[in-house]
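Since the structure comes first, as structure tokens, the remarks are kept for the end.
Proteins come first, then strands; the chains are lettered A, B, ... in the order of their sequence lines, and each starts at number 1.
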2 protein chains.
Amino acid sequence: MQGPSLPKMNATEQAYHIIRNDILTGKLEEGERLTETRLSDDLGLSRTPIREAIGRLTLEGFIERDKGYTTRVAYFPEDEAEQIYEIRRLVECYSVQRAARLATPEDIAKLRAIHTAMKEDTPPKDQAAYQRLAAANEEFHHTIVTAARSPRLTALMATALDVSMVVRTYSMFSQKDLQRSLNHHEEIIQAIEAGAAEWASSIMSAHLLAGAARVVENIAKTAQEKE
Amino acid sequence: MQGPSLPKMNATEQAYHIIRNDILTGKLEEGERLTETRLSDDLGLSRTPIREAIGRLTLEGFIERDKGYTTRVAYFPEDEAEQIYEIRRLVECYSVQRAARLATPEDIAKLRAIHTAMKEDTPPKDQAAYQRLAAANEEFHHTIVTAARSPRLTALMATALDVSMVVRTYSMFSQKDLQRSLNHHEEIIQAIEAGAAEWASSIMSAHLLAGAARVVENIAKTAQEKE
DNA sequence: AAAAGGCATTCTGCATGCAAAAATTGGACC
DNA sequence: GGTCCAATTTTTGCATGCAGAATGCCTTTT
């Protein structure tokens, strides 16, 4: 499931993505102890990039360190996804308000371009189209945060709120969901273009609440099937 | 100005704090190029801890990386402090709402303890008392975020929103400001204890807006004096 | 059987070496 | 004077070595 056409990645980034992915898919279990040695053996890399990846994942809250040499996969609360969506709603609604005031024509053009590409992939014909949609969606949201012109905000989203994997793991959005999502995006762009901060914020809020509801539902369904 | 009684810090943490401090005090100027070699010479450490410190500061937005080997001190927007306070308000108001619902008796006891200690240092007799107050204030806010029982939230605050240095650089709070701040803290604790989420959120909002106003004023004054 | 203590093993933090990539310099050419 | 290109130097990314700290095992004791 490691994407087929990764762009060139250096060892540290590889380590970061692989470990993160393994945590989110459960291949590395919650609370499991991690050692640099084992990981570097498993991934065929030296300890240095592993160290750096672990450092980053620790900052992001995926990995926890005890007092001594003990490093464990973090324990995630059951309502992890809801928590993240709530925080995203907080941050992204604020972002889109700023974006409505501060977005440049280039920002808006970029949003339009992403949106157009997403429309062309809907409904998704195959798995690849699905992947593209997910990536484009991430970029759409990221573009809005960037358009808010607050470096702190950007760092925030990049660091602690990237739910892509969580969502990707659980999500099977129906065609109806996708269409609604696209409509939201369309309306968000219009609101930004109009400089209507509150409008933009409201529709973003709805967008994320809808997304959260879908994800929570999917998680529940998945859990049920396991029994 | 490097605190006199640092607890034992490993090399990486030392590097992190020194570099960060040097950026925030302007000893390392905005846009200045940084190389691991020079920093490791300057700090008398090897490249490894420097590397790790730089990595973290990059994630936090204090340092920026261009395409190649070029690493620079980030350019900070003029309204940096306001931006941070706005984001803090977003995050901490949400945190304190959760805290009002989820705080344990231990959390509340800790808040009370910090609060008591702060009262005993007010008004601050000397520079050391001032430092203690600043540290205690940070801990107060951090405790609230922790009490929100959302690891993501905690990571967020730790990573991107630590304004202590910015504030410390510019702040000369008057006795009246300090007293008001303490009153806010007191009321926040009461609201949390009462489980009153909205109350807690409102007073926290006022608390941070007041703080922001003071800081902005101080920055303006400082800028004026420079002319 | 449980607890305590000492010993061997493992792990991390830091330093350093090396090759490849990037930046800089200097010179040729326009 | 400005621009392009190649040689040189610098810098990073990664691998590895080493000492000290932490962990876990195994024996001893109660």
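- Using a 4.0 Å heavy-atom criterion, one finds that A/L39 contacts no nucleic acid atom at all.
- Rounding to whole angstrom units, CZ of residue B/R72 and C1' of D/dT11 are separated by 16 Å.
- Looking at heavy-atom distances under 4.0 Å, B/R38 makes no contact with the nucleic acid at all.
- Under 4.0 angstrom from either OP1 or OP2 of C/dC11 there lies no side-chain N or O belonging to A/T70.
- The distance between atom CG of B/D41 and atom P of D/dT10, rounded to the nearest whole Å, is 13 Å.
- A cation-pi geometry, defined here as NZ or CZ lying under 6.0 Å from the six-membered ring centre and within 45° of its normal, holds between A/R152 and B/F62.
- The existence of a salt bridge linking B/E193 and B/R112 is confirmed by a sub-4.0 Å separation between a basic side-chain nitrogen and an acidic carboxylate oxygen.
- For B/R56 (side chain) and A/L59 (main-chain N/O), no donor-acceptor pair under 3.5 Å exists by modelled atom type.
- As rounded to whole Å, 15 Å separates atom C1' of D/dA15 from atom CG of A/L43.
- Using a 4.5 Å cut-off on side-chain heavy atoms (C-beta onward), A/D107 and A/I192 make no contact.
- No engagement by B/T71 is indicated, since no non-hydrogen atom pair under 4.0 Å with the nucleic acid exists.
- The pair A/E32-A/R38 meets the salt-bridge criterion, with a side-chain N (NZ, NE, NH1 or NH2) lying under 4.0 Å from an Asp/Glu carboxylate O.
- Between D/dT10 and B/T37, no contact under 4.0 Å exists linking OP1 or OP2 to a side-chain N or O.
- Both A/E52 and B/R33 sit near DNA chain D, but only B/R33 has its closest nucleotide nearer the 5' end.
- When distances run from any side-chain atom of A/N10 to the nucleotides C/dC14, D/dG13, C/dT24, the shortest one goes to D/dG13.
- For A/T35, taking side-chain heavy atoms from C-beta onward, the closest of the listed nucleotides C/dC11, D/dC14, C/dG13 is C/dC11.
- Remark: P of C/dT24 and CG of B/D66 are 11 Å apart, rounded to the nearest angstrom.
- In this structure, A/I50 atom CD1 and C/dT12 atom P are separated by 11 Å, rounded to whole Å.
- Summarising the geometry, the separation between OH on A/Y16 and P on D/dC14 is reported as 16 Å, rounded to the nearest angstrom.
- If you look at A/H184 and A/H115, their ring centroids are not closer than 6.0 Å.
- Summarising the geometry, the separation between CZ on A/R51 and P on C/dC14 is reported as 7 Å, rounded to the nearest angstrom.
- For the pair A/D126 (side chain) and A/A129 (backbone), a donor-acceptor distance under 3.5 Å is present.
- With rounding to whole Å, B/E36 atom CD is found 17 Å from D/dT9 atom C1'.
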Set out, line by line, the N/O atom pairs under 3.5 Å between protein and nucleotides 16-21 of chain D.
{"from": "D/dT16", "atom 1": "O4", "to": "A/T48", "atom 2": "OG1", "distance (Å)": "3.4"}
{"from": "D/dG20", "atom 1": "N2", "to": "A/Y69", "atom 2": "OH", "distance (Å)": "2.7"}

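- Heavy-atom distances to DNA chain D give each of A/L45 and A/K67 a nearest nucleotide, and the one nearer the 5′ end belongs to A/L45.
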